[in-house]
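The structure presented is a predicted model; accordingly, all values stated were derived computationally and were not measured.
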Amino acid sequence: MSDNPEPLSPMQRIWWIVGMIPSGTITSYGKVADMAGLPGRARYVSRALKLAPTELSLPWHRVVNAQGKIAFAADTAPFREQTQLLRSEGVMVNQGKINRSEYEWHPDIATLVLGMPF
DNA sequence: AAAGTGACTTGTA
DNA sequence: TTACAAGCCACTT
């Protein structure tokens with residue numbers, strides 16, 4: 001029998017989940033937290049993305065707040081970058097706002113399991 | 001050590 | 001709909 005895999009840390013679970021978000025779709029910090037087994041820890045997700053190694057090249061831009069709005073202040077470089085990245089994959093962004101019902105990611109368990117890093 | 005901050009969310013008003 | 005308070009908690013002052 002093979003040994004059990006090393007369990008992923010909370011931050012690693014967040015990175016894995018964000019990495020699974022398909023191009024052209026979005027989800028929220030709170031949803032990612034819930035999926036990672038960290039209910040009520042939306043802020044932890046934002047920190048995890050900020051600390052994520054660039055080598056992972058995570059699609060961090062596909063994570064917005066619960067109102068479907070880009071979390072960065074409108075007059076900042078990251079706000080403009082996120083807007084550009086989302087538009088480049090076909091997501092309509094107006095004044096930093098996105099229609100969640102139109103672009104929401106609806107993950108299926110099979111895809112998630114097959115995407116697990118072990 | 002204590003207070004402030006933030007890439008958040010939810011409940012109330 | 002907008003606004004504000006709590007809850008959240010690691011990190012920075």
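Closest approach to the A:R41 side chain among B:dT10, C:dC9, B:dA7 is made by C:dC9 (side chain taken as heavy atoms from C-beta onward). Of the candidates C:dC11, B:dT10, B:dC8, the closest approach to any side-chain atom of A:S46 belongs to B:dC8. Each of B:dT9, C:dA10, B:dG6 was ranked by its minimum atom distance to the side chain of A:R43; first place goes to B:dG6. You'll find that the side chain of A:W60 is closest to B:dA7, out of B:dT9, B:dA7, C:dC11.
Rounded to whole angstrom, the span from the CG atom of A:D34 across to the C1' atom of B:dT10 amounts to 12 Å. When rounded to the nearest whole Å, the span between CG of A:N65 and C1' of B:dG6 equals 13 Å. The NZ atom of A:K69 sits 14 Å away from the P atom of B:dA7 (whole-angstrom rounding). A straight line from NZ of A:K97 to C1' of C:dT1 spans 12 Å, rounded to a whole angstrom. Atom CG in A:L86 sits roughly 17 Å away from atom P in B:dA7 (whole-Å rounding). Nucleotide B:dG6 holds its P atom 17 Å from the CG atom of A:L49, rounded to whole Å. Between the CZ atom of A:R62 and the C1' atom of B:dA7 there is a distance of 17 Å, rounded to whole Å. A straight line from CD1 of A:I70 to P of B:dA7 spans 14 Å, rounded to a whole angstrom.
Put simply, the side chain of A:K97 does not reach to within 4.5 Å of the side chain of A:V93, judged on heavy atoms. Within the 4.5 Å cutoff, no side-chain heavy atoms of A:E104 are placed close to those of A:N99. At a threshold of 4.5 Å between non-hydrogen side-chain atoms, the residues A:V64 and A:K69 do not count as touching.
Between A:S28 and the phosphate of B:dC8, there is no side-chain N or O to OP1/OP2 separation shorter than 4.0 Å.
As judged by a 4.0 angstrom heavy-atom cut-off over every strand, A:Q82 is placed among residues making no nucleic acid contact.
Closest-nucleotide positions on DNA chain C for A:M11 and A:G40 were compared, and the one nearer the 5' end corresponds to A:G40.
C:dC8 and B:dA1 have their P atoms separated by 23 Å, with the value rounded to a whole Å. A gap of 22 Å separates the P atoms of C:dA6 and B:dA7, to the nearest Å.
Listed here is the closest heavy atom pair of A:A48 and A:M11: CB-CG, 3.7 Å.
Neither side chain, A:H61 nor A:Q84, offers a donor N or O lying under 3.5 Å from an acceptor on the other.
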